[in-house]
A.B. asks: 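What follows is a single structure, and I will ask about it in a moment.
Every chain is numbered from 1 and lettered A, B, ... according to where its sequence line falls, protein lines coming before strand lines.
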Amino acid sequence: MTVLLDPTSEQSPASRERLARPDRLEGLTVGLLDISKPRGDVFLDRLDERLTQRGIVVKRYMKPTVAKPAPVPLSQQIGMEVNLVIEGLAD
Amino acid sequence: MSKTIPQNGLIAVVKRDCPTCVLAAPVLAELASLEGIVVYTQDDPTFPEEIAGRVDDTGLDISHRLGIEIVPTLIRFQDGKDVGRTYGWDRAEWERISGFQGIGAGLPDSRPGCGAKNVEPGVIERLKVKFGETGLDSRRVSIGDDEDEFEAMFERGWSDGLPVVPPTEERVLRMLSGTSRDPKEVLGLCPPNLIPATVEKIAINAVMAGCKPEYLPVVLAAVEAILDPAFTMHGVLATTMFVGPVLVVNGPIRRQIGMNAKGNALGQGNRANATIGRAVQLVVRNIGGGRPREVDRATLGNPGKYTYCFAEDEEGSCWEPLSTDFGIPRGTSAVTVFAGFGLQGIVDQKSRTPESLARSMAGSLKAIHNPKLYPACDAMMVVCPEHERTFRNAGWSKARLLEELHTLCEMPADPLIAGVDGIAEGLNPKMAGRTVNKFRPEGLMIVRAGGGAGMFSGIIGGWAMPGPAGSLPVCREVKS
């Protein structure tokens, strides 16, 4: 028998259960997060328009750079202010 | 034969392969008749012939438990405790330990001993594993006798696609002998899962990559560099662009470990170049959990994501080494990491003046990513000896060349506007009338490497997120 040393972190990344999707958006606040990718704003502007037309409250956020994860204060702010968040992941 | 170390009396550890042991064998016989002595023999159970009660320690268990480093070693035990020991043959010391005067008449006063077999490389690691003294914390993974260990490692997802060396405890211990750093030391949090990267875990991955122990300090410095937040390893991994860490090694370590800075420096065939870069990639994969088509979202990637590591040819260069651009003095070993990809050749076999060659190089530099994208990225230019000679003969310093290239990479924005030339890609029309530069002011690096023949330099392009908001090149000193 050969004994090897584990080269990994020895922990599968903790997989979190997804939150249940809301039945409808009416009455909820939706966050739109621009991750600073080119043309992400075009997509999010259109969503903003459509959601606002339906009377849904929309709040806009922006990450300072696409290259790094969102700063903790921004993540916390979004968590406190909205019920769900939509972000554009690609340009 | 007894494997119990006597509680009281004299013991000695010897091997036939040691001339001093052979010299001292008659003295051991003298002590045997005067007081009695237990002699352990490391290599040949028939040695020393003069001692009837010699004990076979060719398994080296007793030698290991006694902590023998040199043979012959003479030890006096009293009530189970080591109360005195001496190494080699030294009459005065042997008289002191044994309590008998005038032993070894006719022998020289002293002779140095030889290295003990139990501390030879390969043996010491086996003995530490046998006696549970490795001090290694990592989980042990048992591979069954009928299982192919190479296939088992592929199946566990530990490989970059090529076979990896099985990281046995013995190999990892030997790897760790290449550094004085504590295996438990954490060099940083490894993206994407932000796992503490310990020296031990990095050593395991260095074994798998095929490194020798003496490469480990370079691997550790490179890992420290990629885990510096300024390098943004998470973004470099997660981007859809081509990039991965490119490693450039400077200083005496290059020659000590036999790295290639000359012909085919960026190509295959040199173990240090190949395995150091591979080890860094395996660290991100295995420790950080960064795998292609998972968090690594590269559209194409590039072959350098298996390994991308080379040395600068400092000896042949008229320029200061790359590491000095980061404040590390010449003569100090260092690794610079750059988020780069591939190699775009600069072919110029006719320029004989620095002005012509610089223009030629700038033309190639301006094509990176897309001729209409300004600014594009940071870039590293690898200048070959025959091109460097042209600048050397004209007295152009590296700073001068960088300045000239930066000026030559400045362009009026108008022909670069989106839609111009029938190409939708390009600059925002608001930029019309302005001047733009292909690179940020600190965005170009120059390294000299390559074979003596051929007017072929190269450009290593970078990530479209250069600078403090994206990835900065990072340099770290190599510590022993």
Side-chain angles (χ1 to χ4, degrees), chain A residues 1-19 21 31-49 59-80 82 84-91, chain B residues 129 134 136-145 147 149 152-153 156-158 164 166-172 190-197 200-208 229 232 234-236 238-240 282-283 285-289 294-295 297 463-465 467-471:
Chain A
M1 186 179 68
T2 306
V3 175
L4 304 180
L5 292 172
D6 191 334
T8 73
S9 63
E10 301 177 19
Q11 48 180 271
S12 305
S15 55
R16 291 180 299 175
E17 291 290 316
R18 283 186 178 166
L19 293 174
R21 293 189 174 209
L32 297 180
L33 174 62
D34 185 337
I35 65 167
S36 292
K37 266 275 188 187
R39 290 177 55 79
D41 55 348
V42 176
F43 171 63
L44 295 174
D45 287 349
R46 183 71 178 130
L47 282 180
D48 193 344
E49 200 179 306
K59 285 181 177 276
R60 300 292 293 262
Y61 304 94
M62 189 167 190
K63 273 173 45 173
T65 168
V66 69
K68 297 177 193 269
V72 172
L74 178 61
S75 302
Q76 292 173 338
Q77 185 193 353
I78 295 172
M80 287 187 294
V82 304
L84 64 136
V85 69
I86 301 171
E87 59 182 77
L89 281 178
D91 45 2
Chain B
V129 171
T134 64
L136 300 175
D137 293 333
S138 296
R139 181 163 64 189
R140 269 62 171 174
V141 177
S142 300
I143 308 292
D145 288 336
E147 212 177 349
E149 56 199 356
M153 291 188 289
R156 282 172 172 76
W158 295 354
V164 287
T168 59
E169 292 173 275
E170 290 88 343
R171 289 195 178 108
V172 173
C190 190
N193 295 338
L194 299 180
I195 305 299
E200 175 178 327
K201 283 287 181 188
I202 296 164
I204 295 171
N205 282 280
V207 167
M208 292 167 66
T232 313
H234 185 108
V236 172
T239 180
T240 42
L282 286 176
V283 162
R285 177 187 181 88
N286 286 325
I287 302 178
E294 294 179 19
V295 175
R297 305 306 301 170
W463 189 22
M465 297 294 300
S471 178

A.B. asks: Could you list the residues that satisfy side-chain hydrogen bond (donor to acceptor under 3.5 Å, both in side chains) with R139(B), not counting sequence neighbours?
C.D. replies: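 Result, side-chain hydrogen bond (donor to acceptor under 3.5 Å, both in side chains) vs R139(B): D6(A).
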A.B. asks: Taking every heavy-atom pair that is under 4.5 Å apart, which of L136(B), V164(B), V141(B) has the most such pairs with chain A?
C.D. replies: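 If we count pairs closer than 4.5 Å to chain A, V141(B) comes out on top.
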A.B. asks: With a strict 4.5 Å heavy-atom criterion, list every residue of residues 64-72 of chain A that contacts chain B, or say none.
C.D. replies: T65(A), V66(A), A67(A), K68(A)
A.B. asks: Taking every heavy-atom pair that is under 4.5 Å apart, which of E200(B), K201(B), E149(B) has the most such pairs with chain A?
C.D. replies: K201(B)
A.B. asks: Need one label for I204(B): side chain, backbone, both or neither, based on atoms under 4.5 Å from any heavy atom in chain A.
C.D. replies: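 Looking at I204(B), just its side chain touches chain A.
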A.B. asks: Does R140(B) have any side-chain hydrogen bond (donor to acceptor under 3.5 Å, both in side chains) partners at least two apart in sequence or in another chain, and if so, which?
C.D. replies: T134(B), E169(B)
A.B. asks: Could you tell me the separation between the CG atom of L5(A) and the OG1 atom of T168(B), rounded to the nearest 0.5 Å?
C.D. replies: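 With rounding to 0.5 Å, CG (L5(A)) is 7.5 Å from OG1 (T168(B)).
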A.B. asks: Applying salt bridge (Lys or Arg N to Asp or Glu O under 4.0 Å), can you list everything that pairs with R297(B), at least two apart in sequence or on another chain?
C.D. replies: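 Partners of R297(B) under the salt bridge (Lys or Arg N to Asp or Glu O under 4.0 Å) test: none.
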A.B. asks: Between P229(B) and chain A, which part of the residue has a heavy atom less than 4.5 Å away: side chain, backbone, both or neither?
C.D. replies: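 Just the backbone, heavy atoms under 4.5 Å.
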A.B. asks: To the nearest 0.5 Å, what is the distance between CG (D137(B)) and CD (E10(A))?
C.D. replies: 9.0 Å
A.B. asks: Based on non-hydrogen pairs under 4.5 Å, which of R156(B), M208(B), M465(B) is most in contact with chain A?
C.D. replies: M465(B)
A.B. asks: Work out which heavy atom in I287(B) is nearest to a heavy atom in P7(A); give both atom names and the distance.
C.D. replies: CG1-O, 3.7 Å
